[in-house]
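Worksheet: the structure to be examined is printed underneath.
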Amino acid sequence: MTPRIERRPPGAVDALPASLHPVLRRLYAARGVAAAELELELARLLPPAGLRGIDAAVALVAQTIAAGEGIVIAGDYDADGATGVAVAVAGLRALGAPAVDYVVPDRFRMGYGLSPALAEAAAATGARLLITVDSGIASVAGVARARALGLRVVVTDHHLAGPELPAADAIVDPNQPDCAFASKHLAGVGVMFYLLLALRAQLRRDGAFASRAEPNLAELLDLVAIGTVADVVRLDHNNRILVQQGLARIRAGRARPGVRALLQVAGRDAQRIGSTDLGFVLGPRINAAGRLDDIRTGIECLLAPSYETALPLAQQLDRFNRERREIEAQMREEALLLVEGSDATGVCVFQDDWHEGVVGLVASKLKERLHRPVIAFARAQDGGLLKGSGRSIAGLHLRDALVRLDARHPGLVLRYGGHAMAAGLSLAEADYARFAQAFDAVCAELLDDDALDRVVHTDGELAAAELDLDTAHALERAGPWGQGFAEPLFEGTFRVLGHRVLKEQHVKYRLASAGGATLSAMHFGGIEQLRAAGSMRVTYRLAINRWQDSESLELYIVDVCD
C-alpha cells in the first residue's frame with residue numbers, strides 16, 4: 001500500500017541550543033523536545049519515590065534478605081521479561097540476597113503471566129518471597145495460589161490493571177490505579193530496575209554497606225536498555241535516559257558478557273551500536289528462545305559470568321533466531337495468500353500447521369503490509385484451542401475492540417488480554433470462522449476511511465548541503481530513537497542511475513540527487529517497488545556505510561512513494 005506522506009510540523013527551534021547540528025535542532029523541535037530533555041545523565045532520572053507501592057515492596061525484600069530467606073523471580077518469555085529476570089537476579093545477588101532463583105512460564109503449556117501452575121513451580125524452589133517481573137498485575141488466580149502456598153508476593157509490572165487487582169503483599173506498577181509516577185511508559189525491566197534502586201537506598205540507610213562496597217547498579221543498564229527498546233514502549237525522557245546510559249556502557253566495552261557475546265554472533269560492532277540494534281538485533285535473538293524453545297537460554301546468556309560461558313549460549317540463540325526467521329518467512333507467504341482479494345477491515349488468518357510462537361510476528365508483518373488490524377492464529381499444543389496474537393494500527397485500541405466483541409458475543413473468546421497495539425487471545429477452533437466475522441465487524445465500526453489510509457510522517461527534505469556524512473554522523477550520535485521518539489525519516493526525489501537486485505528481494509541503487517550528487521542507496525525487500533530508470537520519490541534514512549577504514553554516505557529507502 002502506497003503511503004500518504006505528511007510532514008511533521010516544525011517546532012520551536014530557537015528554544016534549543018544553537019550549538020546543535022541544524023538538522024538535529026529541527027528534528028528535536030518537531031518532536032517537542034525541550035532543552036532540558038536533551039540532558040540524559042542518570043541524575044535526571046525520576047526518583048523511585050513516585051511509584052505507588054515501592055516502600056512496601058522494598059520493606060518486604062529487605063526483610064527477606066535480612067532473614068536469609070530465598071527469593072524467586074517469576075518472569076515472562078519475551079525480551080523484556082528475560083532482561084527483567086536477569087536484572088532482578090543479578091541485582092538482588094549484588095545487594096546481598098543469599099538465594100535468588102527464577103521461574104518462567106512455558107509459552108506452550110502455561111501461557112503468559114503468573115498462572116497457578118507457575119506459582120506452584122515458584123513455591124517448589126523453597127523461596128519465601130516471590131517477585132514478578134513484567135507480569136502479575138492481572139494474575140489474580142496466580143497470586144492467590146502463591147499466597148496459599150505460603151509465599152509472600154511482590155508484583156512488579158507495567159501493564160494496565162484489570163477490573164480486579166491481585167491480592168499481592170505489594171504492587172509496583174506505574175499504570176496501576178492512583179500511581180502518581182510521572183512516566184507511565186517504563187518497561188517491565190525498567191520497573192524492576194527502579195525497585196533495585198529503591199532497595200539499595202533503603203539498605204544504605206540501614207547501614208548494609210558499612211563494611212562492604214556498595215554495588216553499582218549502573219552495571220545493569222545494558223540489560224535495561226535492551227528490554228526497554230525490545231518491548232517497544234514509548235521513549236519518553238525517562239526511558240531515553242535509561243536507554244542512552246545502557247548504550248553508553250555497551251559502546252565503552254562495559255557490557256555484560258552475554259551482551260558482548262550476542263553482539264559477536266550477530267556481527268555487530270559494539271562501539272557503534274544504536275537503539276535500532278537493541279530492538280532488531282539483540283531483542284530478536286533473546287525472543288527467539290521463548291518463541292521456539294525455552295527463554296531460559298536467553299536468561300542464562302544474560303546472566304553468564306564470563307564471555308566464554310556466554311558465547312555457546314549466544315550461538316544457540318543465534319541458531320534459534322535463524323530458524324525463527326525461516327519459519328516466519330514461510331508463514332508470512334502463506335498468510336499473504338490467505339488474504340489475497342480480501343476486503344476485511346479486521347483481518348484474521350489461521351493455518352493448522354503454523355507455529356504458535358511465531359504468529360505474533362506474522363500478524364505484525366501483515367499489519368504493516370495491509371495497514372489493517374490483524375490477528376494470526378495457531379493451533380495450541382494442548383489441542384482443541386487456537387491461540388491468537390494480534391497487532392493493531394493507530395485509531396483502534398485492540399484490547400478495547402476485544403472487550404466490545406466479548407460483550408457482544410459472550411463466551412466466544414475464552415481468554416484475552418493486551419493493550420492498544422497488541423493483544424493475545426484463545427478460542428475454540430470450531431469458533432474461528434465466527435470470531436473472524438465478529439472481529440471484522442467490530443473493526444469496521446471503530447475505524448473510518450481516514451484511519452485505514454497508511455500515513456507516514458517525515459522530517460521533510462534535506463538541503464543539498466545537508467545530504468552528507470556530517471549530518472549522518474550527527475544523527476548517529478543523537479537519539480536514542482524509538483517508539484514515540486521516531487527515528488528521522490526524510491523524503492526526496494532522486495534520479496535512478498543504475499541498480500542491482502540482491503538475493504532476489506533487495507535492491508541496491510545508484511542515485512543522483514537534485515543537487516547533482518551521486519549517492520548509494522539500499523532498499524531492503526524492495527523488489528516489488530523496483531524502479532529501473534527515471535526518477536522516484538522516496539522516504540529514506542541516512543546511514544553510514546563502513547568498509548575497512550573508509551566511510552561513505554548511504555540512503556536506506558523505506559518506501560517508494562510514486
Side-chain angles (χ1 to χ4, degrees), residues 74-78 81-82 103-121 134-135 138-142 145 159 162 287-298 320 323-324 326-328 330-332 334-335 338-339 346-367 373-392 398-399 401-403 405-406 409-419 422-440:
D76 188 21
Y77 43 65
D78 66 1
V103 293
V104 286
D106 182 320
R107 175 194 289 266
F108 308 108
R109 292 188 303 107
M110 296 180 179
Y112 165 80
L114 179 65
S115 63
L118 189 64
E120 290 167 7
D134 190 33
S135 64
S139 302
V140 175
R145 181 59 178 152
H159 295 98
N287 269 328
R291 292 188 185 282
L292 301 187
D293 189 71
D294 189 339
I295 193 62
R296 287 176 181 82
T297 306
F320 283 146
E323 181 183 353
R324 184 272 306 167
E326 292 172 2
I327 294 170
E328 180 192 345
Q330 178 65 32
M331 288 171 57
R332 186 170 65 247
E334 292 169 352
L338 289 174
V339 300
V347 177
C348 290
V349 287
F350 162 62
Q351 198 150 293
D352 58 13
D353 61 346
W354 280 356
H355 195 293
E356 181 183 333
V358 185
V359 285
L361 298 174
V362 172
S364 181
K365 296 290 186 181
L366 207 58
K367 179 264 298 185
V374 176
I375 303 179
F377 288 88
R379 185 174 286 153
Q381 288 190 0
D382 46 10
L385 295 181
L386 298 185
K387 289 187 178 179
S389 185
R391 299 294 184 270
S392 192
L398 191 52
R399 184 179 180 276
L402 291 174
V403 169
L405 187 153
D406 187 46
H409 304 277
L412 177 59
V413 181
L414 302 177
R415 184 182 178 191
Y416 67 91
H419 49 81
L425 67 151
S426 60
L427 50 87
E429 185 171 343
D431 289 334
Y432 170 73
R434 190 159 68 97
F435 175 85
Q437 185 176 23
F439 181 66
D440 181 33

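Computed from a predicted structure; not experimentally measured.
Put simply, the side chain of Ser139 never gets that close to the backbone of Gly142: no donor and acceptor are under 3.5 Å apart. Within the 3.5 Å criterion, the main-chain N or O of Gly357 finds a donor-acceptor partner in the side chain of Arg291. Formation of a donor-acceptor pair under 3.5 Å by the Asp76 side chain with backbone atoms of Asp134 is not found in this model. Side chain of Asp78 to backbone of Gly81: a donor-acceptor contact under 3.5 angstrom is found.
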Quick one, Val359 with Lys387, criterion side chain to side chain contact (heavy atoms under 4.5 Å, CB included). Give me CA distance, side-chain angles, the key distance, then yes/no.
CA-CA 9 Å; Val359 285; Lys387 289 187 178 179; over 6 Å; no

Stepwise side chain to side chain contact (heavy atoms under 4.5 Å, CB included) test for Tyr416 and Asp406:
CA-CA 9 Å; Tyr416 67 91; Asp406 187 46; 3.7 Å; yes

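Counting heavy atoms from C-beta on, the side chains of Leu427 and Leu412 never come closer than 4.5 Å. Within the 4.5 Å cutoff, the side chain of Arg324 has no heavy atoms near those of the Asn287 side chain. Two residues are said to be in side-chain contact when any heavy atoms from C-beta on lie closer than 4.5 Å; Leu425 and Arg415 fail this criterion. For the pair Glu323 and Leu292, the minimum side-chain heavy-atom distance is below 4.5 Å. At least one side-chain heavy atom of Phe435 sits under 4.5 Å from a side-chain heavy atom of Leu405. By the 4.5 Å heavy-atom criterion applied to side chains, Met331 and Gln351 are not counted as neighbours.
By the 4.0 Å N-to-carboxylate-O rule, Glu356 lies too far from Arg379 to be salt-bridged with it.
The two residues Asp353 and Glu334 come nearest to each other via the heavy atoms OD1-OE1, 4.5 Å. Contact record, Leu398 with Ser392: CB-CB, 3.9 Å, taken as the closest heavy-atom pair. Counting all heavy atoms, side chain and backbone alike, Ser135 lies closest to Leu114 at OG-N, 4.4 Å. Residue Gly360 comes nearest to Ser389 through the heavy atom pair CA-OG, 3.2 Å, listed as atom of the first residue, atom of the second, then distance. Nearest heavy atom pair, residue Leu118 against residue Gly113, reads CD2-O, 3.7 Å. When every heavy atom of Ile295 is checked against every heavy atom of Tyr77, the shortest pair comes out as CD1-O, 3.7 Å.
The aromatic rings of Phe350 and Tyr432 sit tilted relative to each other, their planes meeting at an angle between 30° and 60°.
In this structure, Lys365 places its NZ atom where only 12 or fewer heavy-atom neighbours from other residues, nucleotides or ligands lie under 6.0 Å away. The environment of Glu429 atom CD is dense: over 12 non-hydrogen atoms of other residues, nucleotides or ligands sit within 6.0 angstrom.
Side-chain polar atoms of Glu326 and Gln330 form no donor-acceptor pair below 3.5 angstrom.
In this structure, the separation between CG on Leu386 and SG on Cys348 is 10.5 Å, given to the nearest 0.5 Å.
Screening Val413, Val374, Ile375, Val347 for a side-chain contact (heavy atoms from CB on, under 4.5 Å) involving Phe439 leaves a single residue, Ile375.
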